[in-house]
Amino acid sequence: MPELPEVEITVRGLTPALLDRRIARVEVRRARMRRPFPSGLAERLTGARVTALGRRGKYGTISTDRGDSIVFHLGMSGRWRIDPVEIGRHDHLVLETAESGVLSLNDPRRFGFVDVTATDRLAAYAPFAAMGPEPLGDGFHAADLGERLRGRTGAVKAALLDQRVVAGLGNIYVCEALHMAGVEPATPAGVVPGAKLSLLVDSVRAVLNAAIAAGGSTIRDYARPDGELGYFARQWRVYGREGEACGCGGVVVRRAEGGRSTFLCPACQPPVGKARVRGR
DNA sequence: ATGTCCACCTGCTGGC
DNA sequence: TGCCAGCAGGTGGACA
């Protein structure tokens with residue numbers, strides 16, 4: 001579930017609960033999610049003070065005054081909870097700060113994971129080093145995207161889901177951005193026209209910013225007991241709207257590709273060949 | 001190297 | 001009401 005906006009909101013929600021606070025107690029209730037927790041996780045954290053929180057793509061980071069950074073990924077169903085009413089079987093890691101706030105990492109499907117790396121080598125952390133530019137940063141622009149897509153024959157949708165091309169996008173926001181840009185998801189990545197690449201860059205930024213704004217508007221809820229970070233109301237134009245009317249008057253359809261659903265409006269997102277018969 | 005398929009795990013929903 | 005198939009926002013390993 002969590003894509004970049006959800007992780008961003010999670011990190012923002014965790015910040016007031018963790019920043020500059022000392023972790024008084026750590027409870028590892030299940031020693032692994034997708035992968036085993038790093039050894040000595042509880043010892044590394046207990047007594048440490050949190051010095052920074054951050055995000056890279058869909059990953060969140062929590063740095064401490066011991067030079068360690070906890071890296072977490074929420075997978076499909078992960079979420080952090082603040083002062084949960086009760087700790088259940090899906091709460092795998094529980095942190096308690098000296099100020100008595102309780103945070104729990106809850107993940108029913110356990111596709112998420114927790115890792116530790118040295119803060120001064122965070123950029124070299126393998127998944128980060130291989131990752132493409134942050135879509136909301138200066139490094140994400142049409143020229144660079146075109147460079148990364150050049151020669152790729154697979155669907156542009158699959159390429160945008162590839163974290164090495166651009167960081168943080170998942171199925172929902174890729175569907176939304178392709179719709180906003182009017183790009184047919186199955187278009188071979190390498191043949192998307194330059195003008196469409198510019199539109200795509202703008203659309204990716206727009207859908208992500210709108211989602212973060214929507215989450216940000218409810219972030220105060222996270223400061224309350226049992227606040228669940230990572231989920232917030234959102235309105236999508238095509239995702240999950242199979243059979244519904246698109247704003248253009250067309251009808252949203254759903255396709256299964258590679259075992260995943262793609263939502264699009266065929267009227268807004270015609271195949272490239274249909275949109276421009278002979279480009280040159 | 002790139003593209004495609006599948007496994008990992010649990011919970012929820014819709015159809016019968 | 002109950003059961004079961006199908007589906008879910010991600011990643012990464014195996015294979016062509």
Side-chain angles (χ1 to χ4, degrees), chain A residues 1-11 29-37 55-60 71-81 88-93 105-115 125-132 135 147-179 185-192 204 207-208 210-212 214-215 228-243 253-264:
Chain A
M1 144 153 332
E3 302 181 29
L4 185 154
E6 290 76 20
V7 179
E8 176 66 26
I9 292 301
T10 293
V11 169
R29 307 188 71 252
R30 182 178 189 116
R32 64 173 297 137
M33 293 205 292
R34 181 185 181 82
R35 307 197 291 254
F37 283 179
R55 177 193 60 72
R56 176 80 170 101
K58 301 174 191 175
Y59 293 70
V71 178
F72 65 86
H73 193 290
L74 299 174
M76 295 273 269
S77 59
R79 67 182 79 184
W80 278 93
R81 305 199 293 161
R89 71 194 192 103
H90 298 310
D91 291 292
H92 310 305
L93 176 66
L105 177 55
N106 181 285
D107 185 1
R109 292 177 74 178
R110 304 204 302 280
F111 282 1
F113 58 85
V114 173
D115 206 351
Y125 178 63
F128 294 178
M131 207 173 276
E147 206 49 40
R148 289 168 189 272
L149 298 185
R150 194 210 307 264
R152 292 183 66 137
T153 58
V156 62
K157 187 204 171 192
L160 292 174
L161 286 171
D162 184 342
Q163 303 298 296
R164 295 168 302 182
V165 170
V166 55
L169 299 183
N171 203 30
I172 293 178
Y173 297 109
V174 164
C175 287
E176 293 295 308
L178 287 168
H179 174 258
T187 310
V191 307
V192 176
V204 164
V207 297
L208 295 180
I212 291 170
E228 304 210 344
L229 305 179
Y231 292 70
F232 45 87
R234 22 160 114 76
Q235 57 277 21
W236 302 311
R237 301 287 189 84
V238 287
Y239 189 85
R241 291 188 174 279
E242 180 182 15
V253 301
R254 179 169 79 100
R255 286 200 306 238
E257 285 161 355
R260 314 196 70 186
S261 290
T262 297
F263 294 89
L264 72 150

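Throughout, a chain's letter reflects where its sequence line sits, starting with A, and its residues are numbered from 1.
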Report the distance from atom [atom1] of [X] to atom [atom2] of [N], rounded to the nearest whole Å.
| X | N | atom1 | atom2 | answer |
| --- | --- | --- | --- | --- |
| A:Asp107 | C:dA8 | CG | P | 18 Å |
| A:Leu161 | B:dG3 | CG | P | 13 Å |
| A:Lys58 | C:dT11 | NZ | C1' | 8 Å |
| A:Arg30 | B:dC8 | CZ | C1' | 12 Å |
| A:Glu257 | C:dC7 | CD | P | 14 Å |
| A:His92 | B:dC9 | NE2 | C1' | 10 Å |
| A:Ile172 | C:dG10 | CD1 | P | 7 Å |
| A:Leu169 | C:dG10 | CG | P | 10 Å |

Got a sec: does the CZ of A:Arg255 have more than 12 other heavy atoms crowding it under 6.0 Å?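 Atom CZ in A:Arg255 is packed in, count exceeds 12.
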
In this structure, are over 12 heavy atoms from other groups packed under 6.0 Å from A:Arg148 atom CZ? yes

When you measure from the side chain of [X], which nucleotide among [options] comes out closest?
| X | options | value |
| --- | --- | --- |
| A:Pro108 | B:dG11, B:dG3, C:dA8 | B:dG11 |
| A:Met76 | C:dA8, B:dG3, C:dT11 | C:dA8 |
| A:His90 | C:dG9, C:dG12, B:dG11 | B:dG11 |

Are OP1 or OP2 of [N] and a side-chain N or O of [X] less than 4.0 angstrom apart?
| X | N | value |
| --- | --- | --- |
| A:Ser261 | C:dA8 | yes |
| A:Tyr173 | C:dG9 | no |
| A:Ser77 | B:dG11 | no |

Intermediate values then yes/no, ring pair (Phe, Tyr, Trp, His ring centres under 6.0 Å), A:Trp236 and A:Phe263: CA-CA 10 Å; A:Trp236 302 311; A:Phe263 294 89; 9.1 Å; no

Base, sugar-phosphate alone, or nothing: which one does [X] contact when heavy atoms must sit under 4.0 Å apart?
| X | answer |
| --- | --- |
| A:Arg89 | sugar-phosphate |
| A:Phe113 | nothing |
| A:Arg34 | base |
| A:Arg254 | sugar-phosphate |

I would like to know whether A:Leu208 and A:Leu169 meet side-chain contact (heavy atoms from CB on, under 4.5 Å); could you show each step before the answer? CA-CA 9 Å; A:Leu208 295 180; A:Leu169 299 183; 3.9 Å; yes

Think A:Arg34 forms a cation-pi with A:Phe113, using NZ or CZ under 6.0 Å from the six-ring centre and within 45 degrees of its axis?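 Ring-cation test returns no.
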
Looking only at side chains, do A:Tyr125 and A:Asp115 share a donor and an acceptor under 3.5 Å apart?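 Looking only at side-chain atoms, A:Asp115 and A:Tyr125 do form a donor-acceptor pair, the distance falling under 3.5 Å.
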
Applying the Watson-Crick and G-U wobble criteria at under 3.5 Å, what pairs with C:dG13? Answer none if nothing qualifies. B:dC5

Rounding to an integer number of angstrom, what distance separates C:dT1 and B:dG11 when you compare their P atoms? 22 Å

Please indicate yes or no: is the ring centre of A:Phe111 less than 5.5 Å from the centre of the six-membered base ring of B:dC8, with the two planes inclined by under 30 degrees?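 Yes; by the centre-distance and plane-angle rule, A:Phe111 counts as stacking on B:dC8.
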
Which sits closer to the 5' end of DNA chain C, A:Gln163 or A:Arg109, going by the nucleotide each is nearest to?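 With A:Gln163 and A:Arg109 compared, the 5'-side residue is A:Arg109.
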
